[in-house]
Amino acid sequence: MSLTTLLDYKASVPSNQIGGISAIPLTVSPGVQLADLGIFITPPIPAVNRVELKGTLGLQGISGNPIVTVTIRRLPDNTGPGLVIFTKQINVEAQALTEIFYTSSFSAIDFNVTSATGFIVYTLTAQIAAAGNVANVVGPITFTGMAIGSST
């Protein structure tokens with residue numbers, strides 16, 4: 001019989017509403033880090049585990065038709081540059097008479113995570129695909145992680 005255990009839960013909430021922060025202009029690569037969180041999985045780390053990650057971003061189109069790329073990276077033992085585990089592209093319009101504010105939610109699962117110290121950092125970044133298009137992050141910004149392990 002397998003026993004599933006909640007190993008850790010963390011939340012990073014720089015802003016929980018639109019306008020809760022000053023607008024953050026997005027740049028072309030490498031983009032802007034918007035949030036991070038550290039998950040503790042006390043060694044020995046269960047061989048079967050997963051880290052469920054969820055996020056929400058509020059975006060504003062300023063000019064052009066920016067394509068915003070959202071990326072989650074894992075930094076085992078808090079060392080980088082990190083392994084990309086999730087990427088999402090969001091098409092944002094910025095034309096007059098169209099909707100220029102967007103809220104996008106996303107989720108990812110990182111399976112069978114290993115770490116020598118039991119501390120894993122996840123980062124949430126966003127960037128625009130091409131110069132000449134402008135988009136801002138205006139809130140909300142939320143990023144949560146939950147580690148679950150199974151023992152057999």
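For clarity, every value in this text was computed on a predicted model and none was experimentally measured. In what follows, every heavy atom counts, from backbone to side chain, and hydrogens, waters and symmetry copies are set aside. For this chain, numbers begin at 1 and follow the sequence in order.
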CG of Leu53 to OG of Ser107, rounded to nearest 0.5 Å, is 9.0 Å
So OG1 of Thr114 and CG of Asn49: to nearest 0.5 Å the spacing works out to 8.5 Å
Grouping ILVMFWY residues whenever side-chain heavy atoms fall under 4.5 Å, the cluster of Ile67 otherwise contains none
To the nearest 0.5 Å, atom CG of Leu57 lies from atom OG of Ser104 at 7.0 Å
Quick note, ring-ring contact (aromatic ring centres under 6.0 Å, His included) partners involving residues 54-85, not counting sequence neighbours, are none
Those residues at least two apart in sequence (or on a different chain) that pass salt bridge (charged side-chain N to carboxylate O under 4.0 Å, His left out) with Asp36 are none
Here the ring-ring contact (aromatic ring centres under 6.0 Å, His included) pairs for residues 60-89, sequence neighbours left out, are Phe86-Phe106
With a 3.5 Å cut-off and sequence neighbours excluded, list the donor-acceptor pairs that the side chains of residues 120-141 form with protein atoms.
unit_1, atom_1, unit_2, atom_2, d
Tyr122, OH, Asp110, OD2, 2.8
Thr125, OG1, Arg73, NH1, 3.3
Asn133, OD1, Asn65, N, 3.0

Residues pairing under ring-ring contact (aromatic ring centres under 6.0 Å, His included) where one sits in residues 11-42, two or more places apart or in two chains, turn out to be Phe40-Phe119
Contacts satisfying salt bridge (charged side-chain N to carboxylate O under 4.0 Å, His left out) that involve residues 3-28 (not counting sequence neighbours) are Asp8-Lys10
Between Ile148 and Glu52, the two heavy atoms sitting closest are CD1-OE2, 3.8 Å
Residue pairs passing the salt bridge (charged side-chain N to carboxylate O under 4.0 Å, His left out) test with at least one member in residues 18-28, sequence neighbours excluded, are none
Hits for side-chain contact (heavy atoms from CB on, under 4.5 Å) against Thr142, two or more places apart or cross-chain, chain-then-number order -> Val13, Thr56
_Steps toward side-chain contact (heavy atoms from CB on, under 4.5 Å) verdict (Val51, Met146)_ = CA-CA 5 Å; Val51 178; Met146 178 173 61; over 6 Å; no
Glu93 meets the salt bridge (charged side-chain N to carboxylate O under 4.0 Å, His left out) criterion, sequence neighbours left out, with none
With sequence neighbours left out, the residues meeting salt bridge (charged side-chain N to carboxylate O under 4.0 Å, His left out) with Lys88 are none
Consider only side-chain heavy atoms of I, L, V, M, F, W and Y, link residues closer than 4.5 Å, and tell whether Leu34 and Val28 are in one cluster. yes
side-chain contact (heavy atoms from CB on, under 4.5 Å) filter on Ser22, not counting sequence neighbours, yields none
CD1 of Ile39 to CG of Leu7, rounded to nearest 0.5 Å, is 9.5 Å
